Each structure stands twice: as C-alpha cells, then as structure tokens.
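Note sheet for the following structure.
Counting starts at 1 for both ligands and their atoms, following the listed order. Along the sequence shown, the residues carry numbers beginning at 1. Computed from a predicted model, the values in this text were never measured in an experiment.
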Amino acid sequence: MEQTFLMVKPDGIQRNLTGEIINRFERKGFKLAGAKLMQITDELAKTHYGEHKDKPFFGELVEFITSGPVLAMVFEGENVILTARDMMGKTNPLEAAPGTIRGDYGMTVEKNIIHGSDSPESAEKEISLFFNSSEILDYSKQDREWIY
Ligand code: IDP
C-alpha cells in the first residue's frame, strides 16, 4: 500500500492543530504507520528542503522549520500521496480552497501548517530521512474492510 510523509510544522503544533490534522487523514481512511514529535536539526532541515537551497526564502524556511517541535508522520493508503496533497491545499493558503487544511487554517506561505510529499520519489526519500525502518509499523486495522 502507498505511503507518504506528512509533517505538522511548528505553527501547526503551536496553534493546537495537531489533533485536527491527524483526525482528517484518519477519517478519510488513511492508516497511521509512524509518528514522532521531534525537533528538526539545522542539518536535517537543509537536507529536507535541499531543492530550495538557491531560493531567496531558504534561510527563513530552515529557521522556521527548526523553530519548534514538528510532528513527523507516515500515512498509508490507496493513492495517499496525491490525495493528502489535495487535502492540504495549495502551498499559499490564500489560494488554497476552503475545506483543505491550508485553506481552512492558514494565512501565509511561510506559516502554512503542514508539509506533505509531492511524489512517490519524494515520499520514499522523506520517509527514510525522518524514520528508521523499525519506526514504521506494519499492522492490520479492522476498519479496512469497511473502507475498501
Ligand atoms: P509545498 O510545501 O506545498 O510542497 P514547496 O514549493 O515545496 O511547497 O515549498 C516548500 C515550503 O517552502 C512551503 O510549504 C512554504 O512554507 C515555503 N515557501 C514556498 N514558497 C515560498 C515563498 O515564496 N516565500 C516563503 N516561503 C515559501
């Protein structure tokens, strides 16, 4: 089953949106396969956001993502990568549709609450960057036959 990497950013934690965010993905039908509250190091932030290293906002992005705890998560399910991106909404919350996480709770692109992998390649890379294989749990849930 497909897996994606999702992360509640420091603003989401500070604004008490953690439970709400987990709730949305769980209620959709996705299964939580891994989760940990963590303080991202400067090195991890720079690797994670490596594709943006030449952008003018890179410094601020690294500073922000390391400014407080984040909740790193692996969610699993049919087409979870693209569906989770749709549920997050556009990068700029002002352009994100109502009903999406960023559309409902965000105001600025710098503080847009959540990160989610945008492709199978980035999901694989990001999951292995944030989690050891022993931290991703393979277990069955009884709701599966009611979801699929
Ligand atoms: P994504 O998070 O929707 O995948 P990306 O383009 O990969 O968006 O950008 C990564 C993060 O960098 C965004 O979530 C946002 O917080 C930040 N970011 C993107 N564009 C800008 C910008 O123009 N100014 C400041 N921060 C930005």
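Heavy atoms of Lys9 come nearer than 4.0 angstrom to ligand 1 in at least one pair. Proximity of His48 to ligand 1 is not established, as no heavy-atom distance is less than 4.0 Å. Ligand 1 is approached by His52 to a heavy-atom distance shorter than 4.0 Å. For the pair Asp118 and ligand 1, no heavy-atom separation below 4.0 Å is found.
Although no hydrogens or angles enter the test, the distance criterion places a donor-acceptor pair under 3.5 Å between the side chain of Asp104 and the main chain of Gly99.
Under a 4.0 Å N-O distance rule, the pair Asp86/Lys28 does not qualify as a salt bridge. Salt-bridge formation is not detected for the pair Asp11/Lys9: no Lys NZ or Arg NE/NH1/NH2 atom is positioned less than 4.0 Å from an Asp or Glu carboxylate oxygen.
Both the backbone and the side chain of Thr91 come within 4.0 Å of ligand 1, judged by heavy-atom distances. Under 4.0 Å from ligand 1, not a single heavy atom of Met7 appears. Only the side chain of Asn112 comes within 4.0 Å of ligand 1, judged by heavy-atom distances. At a heavy-atom distance under 4.0 Å, no atom of Lys90 approaches ligand 1.
Scanning all protein heavy atoms for the shortest distance to atom 15 (C) of ligand 1 gives Val109 O, 3.2 Å. Ranking the protein heavy atoms by distance from atom 4 (O) of ligand 1 puts Arg85 NH1, 2.8 Å first. In this structure, atom 11 (C) of ligand 1 lies nearest to the protein heavy atom Leu61 CD1, 3.9 Å.
Linking Ile, Leu, Val, Met, Phe, Trp and Tyr residues whenever their side-chain heavy atoms come within less than 4.5 Å places Leu71 and Phe25 in a single cluster.
Cation-pi geometry between Lys31 and Tyr139 is met: under 6.0 angstrom from the ring centre, within 45 degrees of the axis.
For atom 24 (N) of ligand 1, the choice among Phe57, Phe58, Phe64, Tyr49 with the nearest heavy atom turns out to be Phe57.
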